[in-house]
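Here is the structure we will look at, set down as structure tokens.
The structure presented is a predicted model; accordingly, all values stated were derived computationally and were not measured. Chain identifiers are assigned alphabetically (A, B, ...) following the order of the sequence lines, protein sequences preceding nucleic acid strands; residue numbering begins at 1 within each chain.
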Protein chains: 2
Amino acid sequence: MSDITINDVAKRAGVSKATVSRVISNSSKVSKKTREIVEKVVSDLNYIPNSAAQNLSQNNSRIIGIVLNSEDLNPLLNNTFFSTAINAISEFLIENKYYTIYIHCNNSKKEKEYIDFLVKSRRVDGLIFLRNYDDESIFNYLEEISFPFSIIGKPNHAEKYLWVDNDNIKSAYDVTKKMIEQNRKNFIFIGGSMKLNVTKNRYTGFINALDEYNIKFNKEYLINAKFNEKDAYNKLLNIVKQNNIDAIFTTDDIFAIAATKAIESINRTDIKVSGYNNSFLRKYVEKDFLTVDINVEKLAIEASKLVLKKVKKEKIEINYSIVKSKLIEK
Amino acid sequence: MSDITINDVAKRAGVSKATVSRVISNSSKVSKKTREIVEKVVSDLNYIPNSAAQNLSQNNSRIIGIVLNSEDLNPLLNNTFFSTAINAISEFLIENKYYTIYIHCNNSKKEKEYIDFLVKSRRVDGLIFLRNYDDESIFNYLEEISFPFSIIGKPNHAEKYLWVDNDNIKSAYDVTKKMIEQNRKNFIFIGGSMKLNVTKNRYTGFINALDEYNIKFNKEYLINAKFNEKDAYNKLLNIVKQNNIDAIFTTDDIFAIAATKAIESINRTDIKVSGYNNSFLRKYVEKDFLTVDINVEKLAIEASKLVLKKVKKEKIEINYSIVKSKLIEK
DNA sequence: TTGAAAGCGCTAACAT
DNA sequence: ATGTTAGCGCTTTCAA
């Protein structure tokens, strides 16, 4: 490695390193002539500034951390959410001269410690949380030390933080309404833990639609399942067998697929099913179902924009961004 | 933000910052007493060293870059390879006090430029390439400037670089042999581009097994497909319909699924199918097929180990690592 | 418009 | 065993 420094450039160009710095940062008043000379040398020597030196003197890192808690990993592996989000974020940030560091907290207890280390060592300028958790203490902490971060998924204290999300109440309402209009009345609801806002909100939208049509929902048909196929499958099968079910609303295509296979296994393909995420997995079941495209790219980019604004201390008019989701029928 | 520095700690502990530095780096001889005093202050003030300053004076970054070329993105999205690899790498590296930066080259032409920037700006100490490409000029360049990197997937110039891979020739041989032993003779081979070493090697192993049993392979049954279901599906269907096929060897579960659906559609489920990657997608087809678990975690970790050794200038006995894959039958 | 010089927070060689 | 000091490579004030 040659390791050209600003001094080499300065010497060769016959100027001071301050001038080179000015040309590099593309700012301050430098005469056109000087600029051209310096630029020529920079290009000849293929000079690229040492980032550690820049970071030290500017007290930043130009790195945004993407944080994933390991509890989220399993569901995400069955999903393109993770890859899509990371790719979208990194693509967006790199256009803005920021890099993305990826932190996977494989140990929930260590999360605070990890993040504290990152923040205090100034290794990152900001953070993006891939998910909202029930426990928001880490958000609270970061807010206290006024460290920039944004969250994908509306947090409980939505007014305090920067976040992006779909309107889950509305999308669930729309999906449910669609099924009701197809003469469905006897619903099962399958979702993840009710501790997750996403489950709560979709449940709310679901109930709203039923209320509007004066359909009442039997709480015994509310299934909170683990994110693996078998769990939802088994619970569901019991209910369907013994009851007059004609529709199954689920909060994830994974559940929807489980549901589809369950009803196929007992030849009840007349039952309507809906899911979320517009997963490519839908290709792998015979019977298609309703789903919702949550637009992960957009969520990722909006979250990046928000945290970047905060980092750059730009004015933030609205502390959140609602990304439109889309009902997919075929 | 308080931004405690080494000076604050030194002052408070009544020692010089050199001593604090020694305590931090946990090295040199510091008296037990002094160490305890300093450690107390460090913990009281919750001091964490500024990474930019450390990086600048040590001329490193403690960051390893994971590079993905966008050409690879599409196939990877249908796969857990990407998420699994990134998570395994980052988990391993963080235990070794390294961070992972993720670079997605959305523009192949810019790859060299991006990487050059990362390297020259000293933003990364090493790189891990998630895939091997036919064009190895970037590897060649990095080798010339002796910048540490490793590759997941055996490169053409295997002796020159650090890499990890499975023994694809052997695994393909094993799979094929297994099918032959089940009295299969008339094979179709479906793989990606023959420019990819992985395709070439699996094809070689496939042919080796056939040769051993004196079965000859009709080259017209060699399908090089794009990584989307339809492509393989259509080509395949034509061949199967008109010929006496009894087995389909494929280099990816995605292809295997396409194949399975194709043969199901014409009621030829008597045909044996094999794939690669032990994908969770297998759950979503009726008829199961043979597959190979390539052990992505291990590949990722071995690649991390190799590049880390290079970064730390440790002696590297063998420049590659062959990770055992596993034939999965049910 | 340009340069000199201080300083960012740390490490490491040297001295004691 | 500990302190002094000179960098690391940049940015940024201040002066000219």
Q. NZ of B/Lys32 versus P of D/dT2: gap in Å, rounded?
A.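 The distance from NZ of B/Lys32 to P of D/dT2 comes to 14 Å, rounded to the nearest Å.
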Q) Atom CG of A/Asn55 to atom C1' of C/dC10: distance rounded to whole Å? A) 14 Å
Q. For A/Lys160 and A/Asn319, does a side-chain donor sit closer than 3.5 Å to a side-chain acceptor?
A. no
Q. Using the C1' atoms of the five pairs at each end, what is the angle between the end axes of the helix from C/dT1-D/dA16 to C/dT16-D/dA1, to 10°?
A. 40°
Q.
Tell me whether B/Asn87 contacts the main-chain N or O of B/Ser83 through its side chain, where contact means a donor paired with an acceptor under 3.5 Å.
A.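 It does hold such a pair.
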Q.
Between B/Ser146 and B/Glu143 (side chain of the first, backbone of the second, donor and acceptor by atom type, cut-off under 3.5 Å), is there such a pair?
A. no
Q) Can you tell which of B/Ile24, B/Val23, B/Ile6 makes a side-chain contact (heavy atoms from CB on, under 4.5 Å) with B/Val42? A)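 The passing option is B/Ile24.
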Q.
Treating primed atoms plus P, OP1 and OP2 as sugar-phosphate and everything else as base, which nucleotides of nucleotides 8-16 of chain D get B, S or - for protein heavy atoms under 4.0 Å?
A. BBBBBB---
Q. Taking the six-membered ring for Trp, are the ring centroids of A/Phe129 and A/Tyr161 within less than 6.0 Å of each other?
A.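 No, they do not, as the ring centres are separated by 6.0 Å or more.
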Q) Quick check, are the ring centers of A/Phe117 and B/Tyr99 under 6.0 angstrom apart? A)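 No, they do not, as the ring centres are separated by 6.0 Å or more.
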Q) At under 4.0 Å between heavy atoms, what does A/Ser51 touch on the DNA or RNA strands: base, sugar-phosphate, or nothing? A)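 Here A/Ser51 touches no strand at all.
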(Q) Using a 6.0 Å distance limit plus a 45 degree cone around the ring axis, check whether B/Lys120 lies over the aromatic ring of A/Tyr47. (A)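 Ring-cation test returns no.
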Q: With B/Lys310 as the cation and B/Phe149 as the aromatic partner, state whether NZ or CZ is under 6.0 Å from the six-membered ring centre and within 45° of the axis.
A: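 Not satisfied by the 6.0 Å and 45° rule.
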